[in-house]
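What follows is a set of notes on a single structure, which appears directly below.
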Protein chains: 2
Amino acid sequence: MSEHSLMVAMRDPKYTKELIDETALRLFVEKGIAETTIRDISSAAGIAEGTLYRHYVSKEHLAWELFSKNFTAFAVELDQLHRKHDTLKAKIDATIRHYCTFFDKDPILFSYLLLELHGQLRKVTPDMPNPVTVLRRFIGEGMARGEIPRKDREIAAAMVLGVVLHVAVSKVYGRTKQSLTALADSIVAAAWRVLEA
Amino acid sequence: MSEHSLMVAMRDPKYTKELIDETALRLFVEKGIAETTIRDISSAAGIAEGTLYRHYVSKEHLAWELFSKNFTAFAVELDQLHRKHDTLKAKIDATIRHYCTFFDKDPILFSYLLLELHGQLRKVTPDMPNPVTVLRRFIGEGMARGEIPRKDREIAAAMVLGVVLHVAVSKVYGRTKQSLTALADSIVAAAWRVLEA
DNA sequence: GTAGTATGTGAGCGAACATTCACTCATGGT
DNA sequence: ACCATGAGTGAATGTTCGCTCACATACTAC
């Protein structure tokens, strides 16, 4: 038995990866990806540095996987949601509620996607499911059918996300405790007020 | 004369600092602060690393000065603008146009303030002029005078910025060439539509 | 001239960092 | 009882990067 040997508490492998994901996500949001070291993550998670590399080939891959997996999942859900509704109004309603629910379910994950969007965006290929593409398409379709006035095209497109995202952002930066879902009705109403000019 | 000596083209010191500022700002926006090295900045600016340290004591100070100087200047201008107007509607109008003008005047600087807000926010002290504080106050005052309905308080506060910022953001991320100022009328109308429910 | 000051330079330093790898050992199959 | 497997470990390694400094050059004052 070597002098370096220690007790090794084996845990469920599934649990270890989840532990890494949760810890990394939290630290990435708190400090940013670049300011978070592998040592930060591993010590906060109570694992060894090498353990992290059993699950991810690099810190960059870890950050990217946490982003892309959830980014595309969100886009796919949004797309499926849109297929269930016909009118623009119903789609906007569903979209905003989807954002609100997602925020309330996991505010840290939501913050991560929001805050790291710019940094990760260069790796997003056009073939990846993308919330922005989904939203552009349905705004365009709604406008083609005359459901919203064409003159407000650009404002309208930015607005749908603008309303809900900025309430969310003010919560990420602020200390508000209230859930976003509780505000969904007001947000839907506000967005629609802008669009049906 | 040492074997290492080279021609040294002395330039206007004022120009050198501006060169550093412009180059650093551009790279910070393109790659993020953490991913931009001193070597990146100096080589892109065509100066030596040491030269940068003649003008800034550290990379952190450089990033912070580029942020805080413009962040507070923007807040001060916004505050002065508000003092010139009485009604909430006039203030919102002026605010949105101010944002649009600022964006058009220097899109890179605007992007920097937007993208690095989260990272730099921890250094913003309460006594510093702050756009958010200015906006909170005038929304609160407008609501106290009954100019907008109290029930939409949270939405309203997020909206004023939400509308204009998200059009701006979609331009930062997108490839749109059109100026923001050209859209100012539509944005003002959209914001007001939400607020006067 | 020469002394003094301001500015520019880039090789080199050291600390921080991501990543590797030889090793340990709990577990499950035979 | 024995072995095979692979998750877990953390000291060691090589690299990156912010920053320093000895020196070079230019400008100013005398």
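A note on names: the letters A, B, ... follow the listed sequences, proteins ahead of strands, and every chain is numbered from 1.
In this structure, B:Lys105 fails the cation-pi test against B:Phe110, since its NZ or CZ atom is not both closer than 6.0 Å to the six-membered ring centre and inside 45 degrees of the ring normal.
Distance NZ (B:Lys17) to P (C:dG8): 12 Å, rounded to an integer number of Å. Taking atom CD1 of A:Ile47 as the reference point, atom P of C:dA18 lies 14 Å away to the nearest angstrom. Summarising the geometry, the separation between CD1 on A:Ile41 and P on C:dA18 is reported as 8 Å, rounded to the nearest angstrom. Atom OH of A:Tyr53 is separated from atom P of C:dA22 by 17 Å (rounded to the nearest Å). In this structure, CZ of A:Arg54 is placed 12 Å from C1' of D:dG10, rounded to the nearest angstrom. Distance NZ (A:Lys59) to C1' (C:dA16): 11 Å, rounded to an integer number of Å. When the P atom of D:dG6 is taken as reference, atom CG of A:Leu52 falls 20 Å away, rounded to whole Å. In this structure, B:Tyr15 places its OH atom 15 Å from C1' of C:dG8, rounding to the nearest Å.
Look at A:Arg145 and A:Asp86 and you find no salt bridge, because none of the NZ, NE, NH1 or NH2 atoms lies under 4.0 Å from a carboxylate O. We find that A:Asp40 and A:Lys59 are not joined by a salt bridge, their nearest charged nitrogen and carboxylate oxygen being 4.0 Å or further apart.
Look at B:Thr51 and you'll find a side-chain N or O under 4.0 angstrom from OP1 or OP2 of C:dT9. A close approach under 4.0 Å does occur between a side-chain nitrogen or oxygen of A:Thr16 and OP1 or OP2 of D:dG8. Proximity of B:His55 to the phosphate of C:dT7: no side-chain N or O atom is located under 4.0 Å from OP1 or OP2.
Among C:dT19, D:dC23, D:dG18, the nucleotide with an atom closest to any side-chain atom of A:Glu49 is C:dT19.
Contact detail for A:Ala34 and B:Glu35: the closest heavy-atom pair is CB-OE2, 3.6 Å.
The 5' end of DNA chain C is approached more closely, in terms of each residue's nearest nucleotide, by B:Gly50 than by the other of B:Gly50 and A:Thr36.
At a cut-off of 3.5 angstrom, the base of D:dG18 holds at least one donor-acceptor pair with the side chain of B:Arg39.
Residue-level contact check: B:Ser43 touches neither bases nor backbone, having no heavy atom under 4.0 Å from any strand. Counting any heavy atom pair closer than 4.0 Å across all strands shown, B:Ser42 reaches no nucleic acid atom.
Using cut-offs of 30° and 60° on the angle between ring planes, the pair A:His98 and A:Phe102 is tilted.
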